[in-house]
Amino acid sequence: MKHSGIQRFTFVERVVHWVVGLSFLFLLLTGLAFSHPRLYWLTTFAGGGPTARWLHPWVGVAFSISFVAMFLIWLRDMRVDADDRAWLRAIRHYAVHDKAKVPPAGKYNAGQKMFFWTMTLLGVAYLVSGLPIWMPAGILGIGPFYGGVVNVMRLVHYLATIGGGLFLIVHVYLGTVAYPGTIGAMLHGRVTRAWAKMHHARWEG
Amino acid sequence: MSAQLPANGLRIRRASASATPAPGIREGPEYAKLVDISRCIGCKGCEVACKEWNELGIEPTANFGSYQSHQDLGPNTWLLMRFTESEVDGQLNWLIKKDACLHCEEPGCLLACPAPGAIVQYENGIVDFNQANCIGCQLCVSGCPFDIPRFSTETRKVYKCNMCIDRVEAGLEPACAKTCPTNAIAWGTKEDMVRLAEQKVEGLRARGLANAMLYDPPGVGGTHMMYVVPHGDQLEQYDLPADPTAGAGALALLGTVRKLGASALGLGILAAGLHYLGFGPQAPEEDGK
């Protein structure tokens with residue numbers, strides 16, 4: 001079937017997004033497994049405890065690299081301007097689908113931009129706190145980190161994970177069931193004109 | 001949880017990363033090792049006995065200007081006699097410390113471990129690593145207030161003194177205690193060892209060592225390897241933390257927030273579901289297929 005409508009994401013954007021997304025999901029589930037005994041069974045999906053522990057930081061490397069690529073690709077579109085500030089002031093209307101009271105958005109609405117910037121900060125937190133936990137004996141002559149550094153970084157890593165996990169739930173919910181027609185943008189890359197008019201009136205392809 | 005339990009017949013009081021309490025309800029005696037540093041002659045017979053009994057391979061050593069055999073503990077060096085030269089009032093003091101797991105009543109390693117059953121505490125108080133369940137994350141090393149566990153890059157597991165658990169199970173004392181020629185290492189119930197230590201401390205004080213003390217730090221709930229320290233005012237030079245604590249600071253906070261964290265994610269999913277039920281999907285009006 002040939003898709004009509006307008007192109008929203010290129011092939012490269014979609015691939016990069018899914019590498020980031022799927023690696024994040026893997027990291028979230030294995031991380032939760034290590035964080036609480038009742039969730040340890042999640043390591044089964046990663047081949048058991050030792051394998052999950054071995055894979056987690058390497059998938060983290062894949063996440064970090066793909067995140068940098070995604071950051072560079074989308075950075076230009078993610079500047080927050082006056083229209084975005086107006087949108088943010090109306091976010092409570094957006095949340096209850098009262099779209100008449102929400103200023104029209106460009107290619108990305110201010111909520112998506114905040115998601116982008118929050119995940120960027122969390123991504124830095126994951127990397128900075130994750131490295132000492134991964135290699136407590138030291139990295140490139142820095143360290144060792146055994147003791148207090150590792151324990152504090154575990155706390156930072158965990159809090160950032162809960163933050164990122166909550167954002168992921170909102171992201172997936174809005175991108176799938178809440179707004180029908182959105183997921184196609186990340187699968188085949190296209191959206192309908194009606195969809196674009198409704199969600200991103202100032203964009204229009 | 002399908003964590004593999006140790007093959008020995010000892011009853012487990014507590015296991016790492018375990019959401020439910022251990023099943024044990026019987027109360028047996030708690031054991032302890034008492035190291036009287038004032039009686040140690042530095043022969044290192046205990047190091048050899050430890051390597052022999054536990055079949056730990058030889059670690060080649062080099063002279064680094066100390067009477068000490070190895071520079072540090074290792075994955076197959078579970079016991080190291082540390083020699084420190086210290087000067088007090090113009091007098092040389094030769095401080096010897098039997099560096100090995102202290103088998104804390106509140107084990108920081110066990111509290112930090114994320115792998116179910118990788119670290120267990122038996123009802124007799126001994127803390128044991130069960131490498132079959134170890135995932136090699138080394139968080140126990142950071143959880144230990146005494147810097148004892150050592151990671152093997154070869155097996156990607158962590159190791160430490162297990163108090164010769166196979167001997168203790170058979171009613172024998174640990175190999176180091178068995179071999180010590182001066183009886184500097186005593187073995188018995190914790191109660192008996194504390195009583196013995198008090199006598200020893202009293203004796204040392206009578207001999208003029210006013211700062212002699214029993215090292216059984218309350219911050220970790222006491223230990224199952226205790227020291228009689230002749231120079232209690234020089235704990236730092238012995239490399240013995242004055243007030244070690246288990247699972248404090250960031251680890252304690254982590255323990256609290258992780259109880260809420262997974263619930264927060266569950267509530268997030270619930271909130272998304274309720275939002276959908278309340279407000280429904282928002283589809284473009286003329287979204288023709």
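Keep in mind it's a predicted model, so treat the numbers as computed, not measured. Just so we're on the same page: letters track the sequence lines, and every chain starts at 1.
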What heavy-atom pair brings [X] and [Y] nearest, and what distance separates the two atoms?
X      : Y      : result
A:Y179 : B:Q282 : CE2-OE1, 3.2 Å
B:A17  : A:P37  : O-CB, 3.0 Å
B:L265 : A:L28  : CD1-CD1, 4.4 Å

Interface moiety of [X] toward chain B, non-hydrogen atoms closer than 4.5 Å:
X      : result
A:L174 : neither
A:L166 : both
A:Y173 : side chain
A:I169 : side chain

Chain B contacts, top residue of [options] (heavy-atom pairs, under 4.5 Å):
options                       : value
A:I162, A:N151, A:T51         : A:N151
A:T43, A:V177, A:L168, A:V152 : A:V177
A:M198, A:H56, A:H36          : A:M198
A:G165, A:A33, A:G48, A:S35   : A:S35

For B:P114, which residues count as a side-chain contact (heavy atoms from CB on, under 4.5 Å) partner, sequence neighbours excluded? A:F34, B:I135, B:C137, B:L139
Who in residues 271-278 of chain B is close to chain A, using a strict under-4.5 Å heavy-atom cut-off? B:A272, B:H275, B:Y276
Spacing of OG belonging to B:S142 relative to CZ belonging to A:F145, to within rounding of 0.5 Å: 10.5 Å
